[in-house]
Engineer: 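Dropping a structure here in structure tokens format, bear with me for questions.
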There are 2 protein chains.
Amino acid sequence: MSDLFSPEGFDDAGKGPLYRQLARRIGDGIASGALQPGESLPPERDMAAMTGLSRVTVRKAVQSLVASGDLVQRRGSGTYVAPRVERLEQALSLLTSFSEDMRRRGKAARSVWLDRSLHTPTPDEVMVLGLKAHDRVARLARVRLADGVPLAIERASLPAALLPDPEAVESSLYAHLETNGLRPVRAVQRLSAVNIGPADAELLELPPGAACLRIERIAYLASGATAEYTLSLYRGDAYDFAAELRLAGDSQGDTP
Amino acid sequence: MSDLFSPEGFDDAGKGPLYRQLARRIGDGIASGALQPGESLPPERDMAAMTGLSRVTVRKAVQSLVASGDLVQRRGSGTYVAPRVERLEQALSLLTSFSEDMRRRGKAARSVWLDRSLHTPTPDEVMVLGLKAHDRVARLARVRLADGVPLAIERASLPAALLPDPEAVESSLYAHLETNGLRPVRAVQRLSAVNIGPADAELLELPPGAACLRIERIAYLASGATAEYTLSLYRGDAYDFAAELRLAGDSQGDTP
DNA sequence: TAGTGGTCTAGACCACTAA
DNA sequence: TAGTGGTCTAGACCACTAC
């Protein structure tokens, strides 16, 4: 591994900037197994001395690998190869339960509440939830953890009529709604990928900018009324969403 | 807008590092509309002088906004507020056609081929495609564009038996397969979010680290044989994938 | 040619962790 | 207390763009 940081081979022209060359070396070391998960890298100052680069340049290389999730840094401690993250697979076509999903997988599910109270709705909430003037909205925001690892942030809004006492929700929103016969039966989701912001990054213990799956969901009751609007952020490195596709009807399609 | 870069108000303690404070100011300026899409920011050196910060610090703030897609930088030209990106919505449950989707939306679809030839398969390809020893594999890799904007990278692998002459594929793989009665009828997809690497970032004209949707797809023929393995990377800021969910059968679920 | 972003350096201080 | 990453500075040169 010492040869990883030898001063030779840098700037042989045509290989791009120095920080990228170093990032590539380290990244290759991880991919090849020369650097094992959990293994520590030399301190930044040592890497700088070994490679003959400045600490700022070394840092820029390391930062890019931290951003992509290949390395983690702990202040006062050191820089380490990121541990292998176990990926969880989830079906996209079912309204499933986080807690139950985890139980089935033998993991301990836990929530940390960020908010669980009534608010004056935003214009967006009024629109989506079909609220009337002076209606209030219940907001439930929490971090979801499995075996102590934060996996997702969920922020749900419901008409206060459906959930007059948000504090009463324990682990399961749907179970609570069901006691009043108000469990959603259908939902529409939109998925996209976003770079996580600094605040949310802290909640999920990720570096700012890490790729996350953003899922916007609107759930409906059997009556057709809107029950819930939820915005979730899932760790991109920990989640796979599975979906099955069937041939489009017209089959005029000319490409996958 | 000049007050955006006034030296006052920095480091009033408890607001975090200077680069983050500046990033927040600029970000708020964009969100509030004080900075309009396409508008240019002052040169980095000027921002440094105006704020009383060093150029390195200004740059770090700007870089974080570039990474999140709020700003774009052009060397030799300047720094600009990113143009609004029109988001495209796509149903997740249908095997649709990129070209046709775009046509329906009134956009010009185009592909830039990266690869279109026969190769010796990787062990992964042998597994997934169910190849035999000495079988070869056809690889189709291309960048997909709509109205000149790169939206996705697709890398497909098929058994050479299904596609002996990859060069013959014009715009549509499925249309080509259909001429031989070999169009896939079913597919399984897995979605996750990833930070794009430097090489792919260049192809999609994105900054390295931008969030992308990674979609892995295995498609099957009516006979049940595996037809295709495709790894796609979609721009996270340009795509929404829509899915509908129904209540899980047992309804033991205790959470959304 | 002048101005812009892109890269790189050497050195400094701070906040935190671990012994 | 010693060592680590986190932040910040002033100054330099390069590659590219626009004129």
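Nothing here was measured: the structure is a model prediction, and the numbers come from that model. In what follows, chains carry the letters A, B, and so on, assigned in the order in which the sequence lines appear, proteins first and then strands, with residues in each chain numbered from 1.
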Engineer: Return the stems involving DNA chain C, sorted by first number, where pairs are Watson-Crick (N1-N3 with N6-O4 or O6-N4) or G-U wobble (N1-O2 and O6-N3), both under 3.5 Å, and runs are 3 or more long.
Structural biologist: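 The stems that DNA chain C takes part in, listed by first number, are C:1-18 with D:1-18.
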Engineer: For B/R45 and for B/K60, find the nucleotide of DNA chain D with the closest heavy atom, then tell me which residue's nucleotide is more 5'.
Structural biologist: B/K60
Engineer: Using side chain to side chain contact (heavy atoms under 4.5 Å, CB included), reason through B/L173 and B/L140 one step at a time and then give a plain yes or no.
Structural biologist: CA-CA 9 Å; B/L173 168 61; B/L140 299 173; 3.6 Å; yes
Engineer: Would you say the side-chain atoms of A/N195 pair up with the backbone N or O of B/G209, donor to acceptor, closer than 3.5 Å?
Structural biologist: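 Flag set: sc A/N195 to bb B/G209 pair under 3.5 Å.
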Engineer: Output, in order, the C-alpha distance, side-chain angles, deciding distance and verdict of side chain to side chain contact (heavy atoms under 4.5 Å, CB included) for A/V62 and A/L22.
Structural biologist: CA-CA 8 Å; A/V62 170; A/L22 177 57; 5.8 Å; no
Engineer: Looking only at side chains, do A/Y239 and A/E89 share a donor and an acceptor under 3.5 Å apart?
Structural biologist: no
Engineer: Using chain A heavy atoms and a threshold of under 4.0 Å, write down where along DNA chain C the contacts begin and end, 5' to 3'.
Structural biologist: C/dT7 to C/dT17
Engineer: Return yes if some donor-acceptor pair links the side-chain N/O of B/R87 with the main-chain N/O of B/G236 below 3.5 Å, else return no.
Structural biologist: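 Yes; judged by distance alone, with no hydrogens or angles, the pair exists.
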Engineer: Counting C-beta onward and ignoring hydrogens, is there a side-chain heavy-atom pair between A/R105 and A/E86 closer than 4.5 Å?
Structural biologist: no
Engineer: With DNA chain C as reference, determine whether A/Y19 or B/T79 sits nearer its 5' end, using the nearest nucleotide of each.
Structural biologist: B/T79
Engineer: Do B/R74 and B/Y80 form a cation-pi contact, if we require the NZ or CZ to be under 6.0 Å from the six-membered ring centre and within 45 degrees of the ring's axis?
Structural biologist: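 Yes, B/R74 and B/Y80 form such a contact.
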Engineer: Any donor and acceptor pair, going by atom type alone, linking the side chain of A/E125 with main-chain N or O of A/T122 inside 3.5 Å?
Structural biologist: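 Side chain of A/E125 to backbone of A/T122: a pair is present.
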Engineer: With DNA chain C as reference, determine whether B/R74 or A/S77 sits nearer its 5' end, using the nearest nucleotide of each.
Structural biologist: B/R74
Engineer: Assign each of A/R55 and A/G76 to its nearest nucleotide of DNA chain D by heavy atoms, then name whichever residue's nucleotide is nearer the 5' end.
Structural biologist: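 First, find each residue's nearest nucleotide; the 5'-ward one identifies A/G76.
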